[in-house]
Amino acid sequence: MSAVMITRKVRKWEKLPGKNTFCCDGRVMMARQKGVFYLTLFLIVGTCALFFAFECPYLAIHLSPTVPVFAAVLFLFVMAMLLRTSFSDPGVLPRALPEEASFIEMEIEAANGNVPAGQRPPPRIRNVQINSQIVKLKYCYTCKIFRPPRASHCSICDNCVDRFDHHCPWVGNCVGKRNYRFFYLFTLSLSLLTIYIFTFDIVHVVMRSVDATVLEVLVCFFTLWSVVGLTGFHTYLISLNQTTNEDIKGSWSGKNRVQNPYSHKNIMKNCSEILCGPTFPSVLDRRGVMQDDSPSLETSAIPSSTSDSTVPQTTKPTAPLIPNEHTPDDAKPSIATSTEISTSLTEDESALHKVPPLASPETDAEASIAKGATH
C-alpha cells in the first residue's frame, strides 16, 4: 500500500477560505446564511403577483393600460438590482499566503522588539496619508494583512471586504465596494415600487368601493416605513461619501472631529463618485485554475514465489568487473555490487558439489546378483 500524489486542476473558488457559498462554477457568490434572502424574494414576488392578479386587470381597462406596464418595468428593475447585489463579489480581499504572512510577522516583531512578559504588545497599525490627513491601517489577525483604508473584516462571511458598508441579511451578502451602487439602486427602486403599488391599491378601493387584498396592503404599509427610511439614510451617507460602518463607529464625527478625507465637500461630486464611478474588478479571480495535489492510495502487486528466481531485466549496460580509467564513474561497480557477484558465484559452486554422483555399472551388477540370491 503506497500513497501517490495526483495533480488535478481545480477552480480557485473551491479553495477560497471564508464562509461563502458559490454556484454556477464560481460565478455566483453569496453568504452561507440565505434564509432572509429567500424571505425577501417571497415578499417582493408575492406582493407583485397579487397586484398583477387583482388590481391591474381592472386598472388597465378603467384607468390606463400603462399602469401594469410601468409596474412590470419597476418589478424587473428591482429584481435585477437585488440579484446583482446578492450574487456578486462585494469586494473581498484575498488572504496573505503563508510566505507573505511570515514576512509580515517578522517585520512586526522587528519593529516592536521584544515585549516584556505581562505587557500587551503594541497595536499593529500602519499610518498612511490620504488628502493631507493621516489614516490608520489596522492589521487583520485572520487574513494576516494590513487592511486597506475603509476595509473591515465581516464576522459573518469571515472575509475582509474593501470599503465595507455592512452585512445585509435581506440580500444575503455583504455590501461593499463592488456592489454598494446596486444595493442603493435596489432600495431606491423597491421604495418606488412599494409606493406605486400602495397608491394604486387605494385608487382601486376608491373606484370600485371594494376591499383590497389585506395581505398586499399590510406588506406595502410596513415596507414603506422600513425601505423608504433605509433609502433616505443611504442617500444621506452618499451625499457625505461615508459608509454605514464609519457612521456607526463615528469615524469622522467623533470627539476628535476628524474630517472625512474621502469627501469632496460637494454633494454632487460625492454622489457622482459612488453612483457613476467605474466598476472595480474582483481581485479574487474565482474562476482561475490552480493545481491541487491530493494523495491517493495505490496497492502494489506482491510478487509470487515462482518469480523469485527470475533475473530482473535492466536497461543499463553491464559494467566491467575491473574498472579502468576509461570507465565512467556511474558505470563502475560499487563494493556492494562486487560482493553480490561473488556471493552468487559461490552459491553456484556449492550447488555443483551437492549434485549426487551417477551410479556405476559395477554397482548395478552387484544389485542384480543380490536380487537373484534373494529369490
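Within the 3.5 Å criterion, the main-chain N or O of Asn131 finds no donor-acceptor partner in the side chain of Tyr262.
Residues meeting the salt bridge (Lys or Arg N to Asp or Glu O under 4.0 Å) test with Arg163, sequence neighbours left out: none. For Arg27, the side-chain hydrogen bond (donor to acceptor under 3.5 Å, both in side chains) criterion is met by no residue, not counting sequence neighbours.
In terms of heavy atoms, Ala31 sits closest to His167 at CB-CE1, 3.8 Å. Scanning all heavy atoms of the two residues, the minimum distance from Pro149 to Val135 falls at CB-CG1, 4.5 Å. Residue Ser64 comes nearest to Pro68 through the heavy atom pair O-CD, 3.9 Å, listed as atom of the first residue, atom of the second, then distance. The two residues Gln33 and Ile156 make their nearest non-hydrogen contact at OE1-CG2, 3.9 Å. Across all their heavy atoms, Cys168 and Phe183 have their closest contact at SG-CE1, 3.9 Å.
Side-chain atoms of Thr85 and Asn179 form no donor-acceptor pair, as typed in the model, at a separation below 3.5 Å. Residues Asn260 and Gln242 have side chains that never bring a donor and an acceptor to within less than 3.5 angstrom of each other. No hydrogens or angles considered: nothing links the side chains of Thr223 and Thr194 as a donor-acceptor pair under 3.5 Å. Counting only N and O atoms by type, the side chains of Asn241 and Ser263 include no donor and acceptor under 3.5 Å apart.
In this pair, His166 and His234 present their aromatic rings tilted. The plane angle is within the 30 to 60° band. The aromatic rings of His204 and Tyr58 stand perpendicular to each other, their planes meeting at an angle above 60°, with 30° marking the opposite boundary. Using a 30° and 60° split on the angle between ring planes, Tyr180 and Tyr184 fall in the parallel class, below 30°.
Applying the under-4.5 Å side-chain rule to Ile, Leu, Val, Met, Phe, Trp and Tyr, the cluster around Leu39 extends to Val36, Phe42, Leu43, Trp170.
Residues Met81 and Val171 fall within the same hydrophobic cluster, defined by Ile, Leu, Val, Met, Phe, Trp and Tyr side chains chained together at heavy-atom separations under 4.5 Å.
Annotation: cation-pi geometry not satisfied between Arg178 and Phe280 (NZ/CZ under 6.0 angstrom from ring centroid, within 45° of ring axis).
Between Arg95 and Asp158, at least one side-chain nitrogen of the basic residue sits less than 4.0 Å from a carboxylate oxygen of the acidic one, meeting the salt-bridge criterion. Salt-bridge annotation for Arg150 and Glu246: present, with a side-chain N of the basic residue lying under 4.0 Å from a carboxylate O of the acidic one.
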